[in-house]
There are 2 protein chains.
Amino acid sequence: MKTVLPPSCPMEALLRVITGPWTIYILWVLSEQGPQRFGAIKRLVPGISTRILTERLRMLEHAGVVWREQAMTIPPAVTYGLTERGAELRGMLDTLGAIARRWEDEGIFAEVRSGTE
Amino acid sequence: MKTVLPPSCPMEALLRVITGPWTIYILWVLSEQGPQRFGAIKRLVPGISTRILTERLRMLEHAGVVWREQAMTIPPAVTYGLTERGAELRGMLDTLGAIARRWEDEGIFAEVRSGTE
DNA sequence: AAAGTTGGTTACTTTAAAGTGCCTACTTTA
DNA sequence: TAAAGTAGGCACTTTAAAGTAACCAACTTT
């Protein structure tokens with residue numbers, strides 16, 4: 001999603017971090033289930049490919065939202081979890097989720113879907 | 001961004017409404033400048049094409065975030081504005097924007113960009 | 001009489017991103 | 001002995017979305 005930022009806008013930058021397929025769901029999993037290993041996350045996010053999961057976790061790590069801890073064993077055991085910044089994001093996502101659920105109850109999204117398909 | 005919704009998730013649905021290039025900026029313009037006519041919005045969102053602007057406004061209208069009022073004059077005069085639901089979204093976007101600005105001050109996004117380019 | 005205004009639509013092209021499949025190197029287990 | 005699990009990497013294909021450009025109706029102004 002390479003957006004031509006209309007003006008330089010921190011909001012667009014933040015949205016680039018949290019949007020895109022799977023991202024929110026990955027954060028949700030780490031938030032609800034606590035720190036998890038790569039394979040566990042993959043199982044908790046059914047359908048995601050390893051490539052995309054790796055990419056998203058790396059991006060979230062760069063953004064300081066997720067930490068990564070690698071045990072140098074063989075095979076390696078890599079664990080991911082939410083940082084403080086991630087938790088901060090989580091509170092906001094809860095608000096977002098509350099609005100989303102209210103809208104869903106009001107039947108908004110069905111219309112949106114039918115309007116864009 | 002046709003997302004394979006992992007589980008049925010209202011949050012993903014909401015994000016489909018507010019994300020994508022220009023969308024947030026359009027909402028911001030309507031929020032700050034009040035209701036505007038099509039041409040005015042186009043001028044206030046420099047660089048956007050009429051096709052994308054039309055598509056976004058239609059989508060936001062379907063989502064009940066924006067209202068549309070067409071005067072059947074010639075040439076037609078079409079005005080768009082934020083609905084109550086749009087205003088509700090606006091409060092949330094303010095929160096989002098506050099977090100975004102704080103992160104920007106902490107220099108997060110530069111890293112994210114360099115990490116994904 | 002020609003050009004401009006307004007709010008689009010339609011068709012075509014381009015591109016960024018997501019998906020898919022195959023590979024590693026080592027260990028444990030069946 | 002071979003299969004499966006671990007955490008990815010790499011190359012190729014596919015596709016959805018954005019960009020680009022041309023066109024339209026109908027009326028007004030120059």
Side-chain angles (χ1 to χ4, degrees), chain A residues 1-6 12 15-26 29-30 35-62 66-81 112-113 115-117, chain B residues 1-6 12 15-26 29-30 35-62 66-81 112-113 115-117:
Chain A
M1 188 189 346
K2 178 174 183 182
T3 303
V4 183
L5 308 175
E12 293 278 358
L15 285 171
R16 259 212 308 282
V17 173
I18 63 176
T19 65
W22 315 110
T23 311
I24 296 279
Y25 198 60
I26 292 167
V29 162
L30 292 179
Q36 299 286 326
R37 290 186 46 189
F38 185 90
I41 298 173
K42 191 156 155 43
R43 278 186 293 275
L44 289 167
V45 183
I48 196 171
S49 68
T50 58
R51 193 176 74 80
I52 295 297
L53 180 54
T54 300
E55 187 186 290
R56 288 294 187 280
L57 287 171
R58 291 263 194 280
M59 184 270 294
L60 292 170
E61 190 195 354
H62 278 294
V66 155
W67 50 259
R68 181 190 132 105
E69 191 186 74
Q70 179 165 11
M72 297 308 264
T73 56
I74 289 179
V78 182
T79 305
Y80 296 89
V112 176
R113 264 188 288 271
T116 54
E117 274 174 9
Chain B
M1 184 187 354
K2 178 173 184 181
T3 304
V4 182
L5 307 173
E12 293 277 357
L15 285 171
R16 260 213 307 284
V17 173
I18 64 175
T19 64
W22 314 110
T23 311
I24 296 279
Y25 197 61
I26 292 167
V29 162
L30 291 179
Q36 298 288 325
R37 290 186 49 190
F38 185 90
I41 300 173
K42 189 157 157 36
R43 279 185 294 274
L44 289 167
V45 183
I48 196 171
S49 68
T50 59
R51 192 176 75 81
I52 295 296
L53 180 53
T54 300
E55 189 187 289
R56 289 294 187 279
L57 287 171
R58 291 263 193 280
M59 184 268 294
L60 293 170
E61 189 194 355
H62 280 295
V66 155
W67 51 259
R68 180 189 133 106
E69 191 186 72
Q70 178 165 13
M72 298 308 263
T73 56
I74 287 177
V78 183
T79 305
Y80 297 89
V112 175
R113 264 189 285 271
T116 54
E117 274 176 7

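Convention: sequence-line order gives letters A, B, ...; per-chain numbering from 1.
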Revision key, fill the gap. Shortest non-hydrogen pair, A:Tyr25 vs A:Pro46, comes out as CE2-CD, 4.3 Å

Point to revise | Least distance between heavy atoms, A:Gly47 atom then A:Trp22 atom | key: C-CH2, 3.9 Å

Review point. Going 5' to 3' along nucleotides 5-11 of chain D, which nucleotides have protein heavy atoms under 4.0 Å from the base (write B), which only from the sugar-phosphate (write S), and which from neither (write -)?
Key: BBSBSBB

N/O donor-acceptor pairs under 3.5 Å from side chains in residues 51-59 of chain B, not counting sequence neighbours:
| unit_1 | atom_1 | unit_2 | atom_2 | d |
| --- | --- | --- | --- | --- |
| B:Thr54 | OG1 | B:Thr50 | O | 2.8 |
| B:Arg56 | NE | B:Pro21 | O | 3.2 |
| B:Arg56 | NE | B:Thr23 | OG1 | 2.9 |
| B:Arg56 | NH2 | B:Pro21 | O | 3.3 |

Practice item. Would you tell me if any nitrogen or oxygen in the side chain of A:Trp22 comes within less than 4.0 Å of OP1 or OP2 on C:dG19? Key: yes

Revision key, fill the gap. For B:Leu44, the side chain to side chain contact (heavy atoms under 4.5 Å, CB included) test, sequence neighbours excluded, returns B:Val29, B:Gln33, B:Gln36

Find the distance [X]:[atom1] to [N]:[atom2] and express it as a whole number of Å.
X       : N      : atom1 : atom2 : value
B:Lys42 : C:dG8  : NZ    : P     : 12 Å
B:Ile74 : D:dC27 : CD1   : C1'   : 6 Å
B:Glu55 : D:dT20 : CD    : C1'   : 14 Å
B:Ile48 : C:dG7  : CD1   : P     : 15 Å
B:Met59 : D:dA18 : CE    : C1'   : 14 Å
A:Arg16 : C:dA16 : CZ    : C1'   : 13 Å
A:Leu53 : C:dT20 : CG    : P     : 15 Å
B:Ile52 : D:dA21 : CD1   : P     : 14 Å

Review point. Can you find a heavy atom in the side chain of B:Val66 that is under 4.5 Å from one in the side chain of B:Ile26?
Key: no

Run the side-chain donor-acceptor check on residues 72-81 of chain A: report pairs under 3.5 Å with partners two or more places apart or on a different chain.
| unit_1 | atom_1 | unit_2 | atom_2 | d |
| --- | --- | --- | --- | --- |
| A:Thr73 | OG1 | A:Pro75 | O | 2.9 |
| A:Tyr80 | OH | A:Arg68 | NH1 | 3.1 |

Review point. If pairing requires Watson-Crick or G-U wobble contacts with both distances under 3.5 Å, which nucleotide is the partner of C:dA30?
Key: D:dT1

